[in-house]
Amino acid sequence: MLCCVRTHPFQSGRGPLSPGSRAGLGAAFALLALVSAVECVDGRGANYTALLIVAPFLAAALASWQVVLGVGAVAIVLGAGFALAEQVGSLSAAVAVAGIALGTVLAAATAAVRQRHGERIAELSKLAMVAQQAVLRPLGPQVGSLAVAARYISSTSTAEIGGDLYEALDTPYGVRMIIGDVRGKGLEAVRLASIVLGSYRHVAYERADLRAVVADLDRAVARSVGDEDFVTAALVEERGGTLTIVNCGHPAPLLLRRGAVIALEPPAPAPPLGFMPAVRSRVERLEPGDRLLLFTDGLGEARREGEFFPTTCRAWRLLGHGTVADGLASLEAALVEWVHGRLDDDIALVLMEYTGARTGGSAAVPSWEVGTTEG
């Protein structure tokens with residue numbers, strides 16, 4: 001009876017094995033060693049040789065097809081050795097060895113298909129990352145007279161971007177920011193978010209009146225969606241220390257000032273983009289050190305055991321320290337801890353800090369606000 005066969009780990013390719021290949025190789029050889037040990041202890045013929053066929057299939061779950069072939073080759077050698085070590089060769093032992101060979105081919109084919117799918121998924125992940133950078137460009141750390149940071153928190157591990165959107169631009173009319181949330185999920189939401197951002201990046205430089213920007217964005221959304229689709233959005237303009245906000249059905253931004261947290265609700269409610277919103281602006285005078293949090297409704301809906309995350313109560317303690325990036329990192333950590341890592345919706349966060357008016361003299365109020373009275 002053959003009790004042992006010396007083997008060496010199979011190395012595929014020119015480089016080191018991947019972690020998955022090493023794990024598959026280790027599991028497969030552990031099984032080969034176990035079957036060999038049982039066969040040696042039994043000593044009554046090749047009764048367990050057929051079990052060696054499991055080894056290449058076990059390797060195929062994690063390793064590359066080259067590693068699977070190596071494992072299969074070792075299993076065939078072991079099976080043939082056990083079969084030849086019998087006093088009288090048996091047909092069943094020969095069939096078992098042939099089955100191991102056939103199983104090795106099938107396992108290698110399975111591993112090759114899995115490997116191709118894995119490479120395609122990796123390529124799609126790279127494309128998704130490029131799309132994310134194109135749709136949601138990095139913000140900050142300084143835009144005009146504002147320190148700005150942004151974070152996108154995805155509710156799933158399989159996607160890094162959804163229907164939430166944000167942008168900050170230094171325009172001739174001051175620093176302008178938008179945050180929005182597309183109704184729905186998936187690729188259609190990403191498509192609409194990209195349309196809104198593309199339109200905003202153009203009209204923010206062209207329109208002196210924020211209400212005209214809203215009208216342009218509303219037309220862009222209306223041309224691109226169905227009757228029941230819409231985009232909530234809040235648009236913010238800072239010019240010479242004056243903050244102007246228009247809100248289209250979006251959660252009100254939070255102003256953090258000297259330990260207080262103020263929700264900047266609009267003077268009158270307006271529907272989302274896509275429903276022809278007639279917005280009224282809210283104007284606030286900023287003080288150096290003021291911070292403004294813009295967020296999507298995923299933050300307001302985050303909860304555990306039916307209890308919502310206390311954003312307003314904890315905003316100053318979480319967001320009022322360090323840089324604006326530090327503040328958002330603290331908010332995200334507290335939020336993830338609150339929901340035990342399980343979010344129901346994506347969340348976009350933008351935190352800005354007013355560092356003081358720029359020298360060179362901007363108007364104290366937006367030009368489109370001078371001499372106008374809103375009804």
Output the distance between atom [atom1] ([X]) and atom [atom2] ([Y]), rounded to the nearest 0.5 Å.
{"X": "Glu353", "Y": "Gln142", "atom1": "CD", "atom2": "CD", "result": "9.0 Å"}
{"X": "Met276", "Y": "Arg219", "atom1": "CE", "atom2": "CZ", "result": "9.5 Å"}
{"X": "Thr296", "Y": "Leu165", "atom1": "OG1", "atom2": "CG", "result": "9.0 Å"}
{"X": "Thr312", "Y": "Ile262", "atom1": "OG1", "atom2": "CD1", "result": "11.5 Å"}
{"X": "Asp229", "Y": "Glu188", "atom1": "CG", "atom2": "CD", "result": "7.0 Å"}
{"X": "Arg317", "Y": "Arg314", "atom1": "CZ", "atom2": "CZ", "result": "5.5 Å"}

Looking at Asp345, Leu343, Asp164, Asp346, which hits side-chain contact (heavy atoms from CB on, under 4.5 Å) with Ile153?
Leu343
State which residue, out of Val350, Leu351, Leu139, fulfils the side-chain contact (heavy atoms from CB on, under 4.5 Å) condition with Val324.
Leu351
Is there a continuous path of hydrophobic side-chain contacts, each under 4.5 Å between heavy atoms, that joins [X] to [Y]?
{"X": "Leu102", "Y": "Leu51", "value": "yes"}
{"X": "Tyr205", "Y": "Leu235", "value": "yes"}
{"X": "Val105", "Y": "Val71", "value": "no"}

Non-hydrogen side-chain atoms of [X] and [Y] separated by less than 4.5 Å:
{"X": "Leu243", "Y": "Leu264", "answer": "yes"}
{"X": "Tyr166", "Y": "Leu294", "answer": "no"}
{"X": "Val221", "Y": "Ile195", "answer": "no"}
{"X": "Glu287", "Y": "Arg258", "answer": "yes"}
{"X": "Asp209", "Y": "Tyr173", "answer": "no"}
{"X": "Thr104", "Y": "Leu69", "answer": "yes"}
{"X": "Glu284", "Y": "Asp290", "answer": "no"}
{"X": "Glu332", "Y": "Ile347", "answer": "no"}

Nearest non-hydrogen partners of [X] and [Y], listed with the distance:
{"X": "Tyr152", "Y": "Ala348", "result": "CD1-CB, 4.3 Å"}
{"X": "Ala220", "Y": "Ser199", "result": "CB-OG, 3.4 Å"}
{"X": "Val339", "Y": "Ala302", "result": "CG1-CB, 3.9 Å"}
{"X": "Ala204", "Y": "Leu169", "result": "CB-CD1, 3.9 Å"}
{"X": "Ala75", "Y": "Leu52", "result": "O-CD1, 3.7 Å"}
{"X": "Pro277", "Y": "Pro272", "result": "CD-O, 3.7 Å"}

Any sub-3.5 Å donor-acceptor pair from [X]'s side-chain atoms to [Y]'s backbone N or O?
{"X": "Asp218", "Y": "Gly274", "answer": "yes"}
{"X": "Ser145", "Y": "Thr355", "answer": "no"}
{"X": "Arg291", "Y": "Leu319", "answer": "yes"}
{"X": "Arg280", "Y": "Pro267", "answer": "no"}
{"X": "Arg282", "Y": "Glu265", "answer": "yes"}
{"X": "Tyr200", "Y": "Met177", "answer": "yes"}
{"X": "Arg191", "Y": "Ser224", "answer": "yes"}
{"X": "Arg114", "Y": "Ala60", "answer": "yes"}
{"X": "Ser281", "Y": "Thr244", "answer": "no"}
{"X": "Gln66", "Y": "Val68", "answer": "no"}

Evaluate side chain to side chain contact (heavy atoms under 4.5 Å, CB included) for Tyr354 paired with Leu146, printing each intermediate quantity in order.
CA-CA 5 Å; Tyr354 177 61; Leu146 303 176; 3.9 Å; yes
Please lay out, stage by stage, how Leu292 and Glu238 fare under the test side chain to side chain contact (heavy atoms under 4.5 Å, CB included).
CA-CA 11 Å; Leu292 186 72; Glu238 182 279 322; over 6 Å; no
Any pair counted as ring-ring contact (aromatic ring centres under 6.0 Å, His included), so long as it reaches residues 309-335, sequence neighbours left out
Phe309-Trp338
Mind checking side chain to side chain contact (heavy atoms under 4.5 Å, CB included) for Ala234 and listing every partner two or more places apart, or none if nothing turns up?
Ile179, Asn247, His250
Could you go through the side chain to side chain contact (heavy atoms under 4.5 Å, CB included) check for Leu299 and Leu335 one step at a time?
CA-CA 8 Å; Leu299 178 61; Leu335 178 65; 4.0 Å; yes
Verdict with reasoning, Leu293 to Leu331, per side chain to side chain contact (heavy atoms under 4.5 Å, CB included):
CA-CA 11 Å; Leu293 175 67; Leu331 177 58; 4.3 Å; yes
Inspect the surroundings of CD in Glu337 and state if more than 12 heavy atoms from other residues, nucleotides or ligands are less than 6.0 Å away.
no
Arg285 and Thr242: side-chain donor and acceptor closer than 3.5 Å?
yes
